[in-house]
Protein chains: 2
Amino acid sequence: MPRAGLTADRVTLAGAELADEVGLDHVTMAAVARRLGVKDASLYAHVRGLEDLRGRIALLAADEKTIRIAEATAGRAGRDALVAFANAWRRYAHDHPGRYTATQIPTQIDPELLALAPGPRRAVELTYSMLRAYALDEPDLTDAVRLMRSMLHGFVSLEAAGGFAHARPAEESWVRGLDALHTLLEHWPARREGDPA
Amino acid sequence: MPRAGLTADRVTLAGAELADEVGLDHVTMAAVARRLGVKDASLYAHVRGLEDLRGRIALLAADEKTIRIAEATAGRAGRDALVAFANAWRRYAHDHPGRYTATQIPTQIDPELLALAPGPRRAVELTYSMLRAYALDEPDLTDAVRLMRSMLHGFVSLEAAGGFAHARPAEESWVRGLDALHTLLEHWPARREGDPA
DNA sequence: GGGGGAGCCTATAGATCCTAGGAAAGGTGG
DNA sequence: CCACCTTTCCTAGGATCTATAGGCTCCCCC
């Protein structure tokens, strides 16, 4: 009997594809095994279990998303870079909804696996280096990075959940939101009295 | 044998409590039944199934969150109202993590049930009426509402997923983020050429 | 070509979702 | 006060899923 050529990466990829097609929480060991033409017990040789698989999908998604953002922002600066960054983020979420939702799992990903994945760390670096163009000093820079990530993730997440239904097209609010974000970063407010240092 | 006194609302509440304790995706029909001292088959008389239960938990959470926000913002205006609104949102997410994640499900909630729940509609009204203090005209007002919701949800969501680990306390970034949001709303940028109407 | 390890299998146990049909509790009308 | 009927909850059971244990066979490497 010919071997299916399984691998942790191939199992993860099959799970990711399935997640995009039917939603992350319909990704099951049995379904992934069916898609690979294999019995479900065979998967456990490559992946610790369902939790582990979901964590691996999340890391795959983080890596892919980071790569897209890096490509989109390469050679750009300032406002152009910001828009390219944000659009790449949103487009990834649209293209891979299942993978994207995997990145939201508050689950404790296998730390050893996480240490190997370049995506998350690289994403932080990209964000910081892009925002450095706005001449913010710490700790404002960190706060701005977090604000931007919150806004992008929040928008994409609400959009996917149907939070912007039956009204002005989400696309237009997105464009205007990026305007607003850019303006905000250029005029980041000084600390008010009573604010944390 | 004494009756347990089940009801769709009681089942939903038990599910919500369980979600806060063990996480939304460990909320199972069997677990809810155990908590209520009942066999799992009994639940199906009150709730259509697991999907339906999750939708009901989401609506419960939306209602509760809206009530908290309404109470927090009552009698306040401008910056005070904004901060109270945001803090009530975040505090609800902290107090009820399982319920809060239920609100994120892109799931199609039973439309008939959704029509009865006052929470989601009321939340939109509250947000609009609060932001009206910033003198924005449509469509900017809608865009601002969406930006604010994105930022609040995104921050809370990333925070819960451990996205702000090992660095500046999330609390401080939150306070500064609200400063920034307030400033942004007061100086909402005009449309640039090429922006959507 | 002959180990030996890896890859995939069968078999099995336990948990879950959900349906079908039955028994009993509690209100209602005579 | 009793019979009825609706509602509530139960037992029984099928289908699907996660996960483990152990066996067979393919394929690489010496």
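Keep in mind it's a predicted model, so treat the numbers as computed, not measured. In what follows, every chain begins at residue 1, and chains take the letters A, B, ... in the order their sequences are listed.
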Between the side chains of A:His153 and B:Ser157, is a donor N or O closer than 3.5 angstrom to an acceptor N or O?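 Yes, because at least one side-chain N or O of A:His153 sits under 3.5 Å from a partner of the opposite role on B:Ser157.
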
Side chains of A:Arg168 and B:Thr142: is there a donor and an acceptor less than 3.5 Å apart?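 The criterion, which ignores hydrogens and geometry beyond distance, is not satisfied for B:Thr142 and A:Arg168.
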
Can you figure out which of [options] approaches the side chain of [X] most closely?
X	options	answer
B:Ser42	C:dT10, D:dC9, C:dT19	D:dC9
B:Asp40	C:dC18, D:dC10, C:dC9	C:dC18
B:Lys39	D:dT11, C:dT19, D:dT18	D:dT11

If you apply the rule salt bridge (Lys or Arg N to Asp or Glu O under 4.0 Å), what do you find for B:Asp95 with B:Arg91, and how did you get there? CA-CA 6 Å; B:Asp95 291 348; B:Arg91 198 159 356 238; 5.8 Å; no

Can you measure [X] atom [atom1] to [N] atom [atom2] for me and round it to whole angstrom units?
X	N	atom1	atom2	value
A:Leu6	C:dC9	CG	C1'	12 Å
A:Arg48	D:dT18	CZ	C1'	16 Å
A:Tyr44	C:dT12	OH	C1'	14 Å
A:His26	C:dC17	NE2	P	13 Å

For atom NE2 of B:His94, is the number of surrounding heavy atoms from other residues, nucleotides or ligands below 6.0 Å larger than 12?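 Counting neighbours around NE2 of B:His94, more than 12 heavy atoms of other residues, nucleotides or ligands fall under 6.0 Å, so yes.
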
Minimum heavy-atom distance between B:Arg146 and A:Pro169, given as atom pair plus value: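 Taking B:Arg146 first and A:Pro169 second, the nearest heavy atoms are NH1-O, 3.6 Å.
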
Dump the pairs, protein N or O against N or O of nucleotides 14-16 of chain C, anything under 3.5 Å, distances to one decimal.
residue : atom : partner : partner atom : Å
C:dT16  : OP1  : B:Arg34 : NH2          : 3.4
C:dT16  : OP2  : B:Arg34 : NH1          : 3.4
C:dT16  : O3'  : B:Thr28 : OG1          : 2.7

B:Arg90 vs B:Glu171, salt bridge (Lys or Arg N to Asp or Glu O under 4.0 Å): CA-CA, chis, key distance, verdict: CA-CA 10 Å; B:Arg90 178 159 173 251; B:Glu171 175 68 24; 2.8 Å; yes

Tell me whether the OP1 or OP2 atom of D:dT7 has a side-chain N or O from B:His46 closer than 4.0 Å.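 No.
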
